[in-house]
Amino acid sequence: DGGITQSPKYLFRKEGQNVTLSCEQNLNHDAMYWYRQDPGQGLRLIYYSQIVNDFQKGDIAEGYSVSREKKESFPLTVTSAQKNPTAFYLCASSEGQGRTEAFFGQGTRLTVV
Amino acid sequence: AQSVAQPEDQVNVAEGNPLTVKCTYSVSGNPYPFWYVQYPNRGLQFLLKYITGDNLVKGSYGFEAEFNKSQTSFHLKKPSALVSDSALYFCAVRAAGGSYIPTFGRGTSLIVHP
């Protein structure tokens, strides 16, 4: 089945610790995105990538980092510099241009303990 | 910069009644608006999109949306609501000739009462 897979589903982070969220797609999409979802705030763009080895900051990139070494993979690292990381994180992919919809993973819920 | 507005945080409707969830957008270039639905602790699922042609778009689960270019709106509708339609609905937009990045509204919680 074609799709986009996020792991883990739940993640707990200690103060001062970096954690990495995985996102893999087998849809052959050029573009991939990371969004953060908080109650009442909708989806806010963290980082996006249109092509391998290239990515751009979104609206709330501070405290996060990404890589795009392979077309199918776009991992997100939440660093200790992110002061309020508890949130629901969504990865998505789409064709780079045009009128097509984005496909979403099932999300990772990150909690600071 | 492109933006999407969903003016209602919550919409309440009785089962069997028609429902409307509102969305307006602002983009540079031709707009391609979308609707997605989200169930608790899940990712977003695509419902429908406008490309060109008929301004009334039909999508999944009996939902439809009306594209109005002059009012830059793309309201989601359903003639007869079901309790199982209760979920969080997001409007999004991409633009041709502008930013290809999907921009999302804040979401509208639809509650259908039995």
Side-chain angles (χ1 to χ4, degrees), chain A residues 2-11 21 23-25 27 29-51 55-61 87-111, chain B residues 1-10 21 23-25 27 29-53 57 59-60 63 65 67 74 87-109:
Chain A
I4 183 165
T5 302
Q6 287 185 244
S7 62
K9 188 172 177 62
Y10 298 97
L11 187 58
L21 283 59
C23 179
E24 304 276 333
Q25 55 101 356
L27 300 166
H29 284 164
D30 288 316
M32 298 188 73
Y33 318 87
W34 275 104
Y35 293 91
R36 170 176 170 147
Q37 184 178 15
D38 296 282
Q41 296 196 48
L43 274 63
R44 294 184 290 168
L45 183 66
I46 305 173
Y47 268 97
Y48 62 98
S49 168
Q50 192 178 8
I51 197 169
F55 49 83
Q56 304 295 328
K57 292 181 179 180
D59 301 318
I60 56 165
F88 191 53
Y89 292 86
L90 288 162
C91 180
S93 70
S94 72
E95 293 180 11
Q97 300 290 337
R99 313 165 184 178
T100 60
E101 63 273 22
F103 289 76
F104 281 81
Q106 293 302 298
T108 294
R109 185 165 296 282
L110 174 63
T111 304
Chain B
Q2 58 193 44
S3 64
V4 176
Q6 294 181 243
E8 303 149 319
D9 290 335
Q10 185 171 302
V21 183
C23 171
T24 59
Y25 56 84
V27 299
N30 285 331
Y32 298 120
F34 303 80
W35 277 101
Y36 294 82
V37 60
Q38 184 183 35
Y39 298 99
N41 295 311
R42 308 283 288 181
L44 276 65
Q45 298 176 28
F46 168 73
L47 271 181
L48 48 78
K49 64 183 176 184
Y50 173 80
I51 304 177
T52 58
V57 179
S60 307
F63 284 94
F67 177 73
F74 191 57
L88 189 57
Y89 289 82
F90 287 95
C91 182
V93 70
R94 299 180 81 181
S99 173
Y100 66 93
I101 303 164
T103 298
F104 289 82
R106 294 164 61 97
T108 298
S109 178

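- Across B:D9, B:N41, B:L88, B:L44, the residue that shares the most heavy-atom pairs under 4.5 angstrom with chain A is B:L44.
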Go through the steps for B:F104 and A:F104 under the test ring-ring contact (aromatic ring centres under 6.0 Å, His included), then give the verdict.
-> CA-CA 13 Å; B:F104 289 82; A:F104 281 81; 5.7 Å; yes
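- In this structure, chain B has a heavy atom under 4.5 Å from the side chain of A:A31, while its backbone stays farther away.
- Chosen from A:Q106, A:R44, A:Q37, the residue pairing most often with chain B at heavy-atom distances under 4.5 Å is A:Q106.
- For B:T52, the part lying near chain A is the side chain, with the backbone staying farther off; criterion is any non-hydrogen pair under 4.5 Å.
- Residue with the most contacts toward chain A among B:G105, B:G107, B:G43: B:G43 (heavy-atom pairs, distance under 4.5 Å).
- Note: B:Y36 and A:Y35 fail the aromatic proximity criterion, with ring centroids not under 6.0 Å apart.
- Of the two parts of B:Q38, only the side chain, counted from C-beta on, holds a non-hydrogen atom closer than 4.5 Å to a non-hydrogen atom of chain A.
- Atom CZ of A:R109 has more than 12 heavy atoms from other residues, nucleotides or ligands within 6.0 Å.
- For A:I51, the CD1 atom sits in a loose shell: 12 or fewer heavy atoms of surrounding residues, nucleotides or ligands are nearer than 6.0 Å.
- The CZ atom of B:R106 lies 11.0 Å from the CG atom of A:D38; values are rounded to the nearest 0.5 Å.
- Around the NZ atom of A:K57, the shell of radius 6.0 Å holds no more than 12 heavy atoms that belong to other residues, nucleotides or ligands.
- Ranking A:A92, A:G58, A:G40 against chain B, the residue ahead of the rest is A:G40, based on heavy-atom pairs under 4.5 Å.
- Heavy atoms of A:L43 lying under 4.5 Å from chain B belong to its backbone as well as its side chain.
- Across all non-hydrogen atoms, the minimal contact from A:T100 to B:F34 is O-CZ, 3.5 Å.
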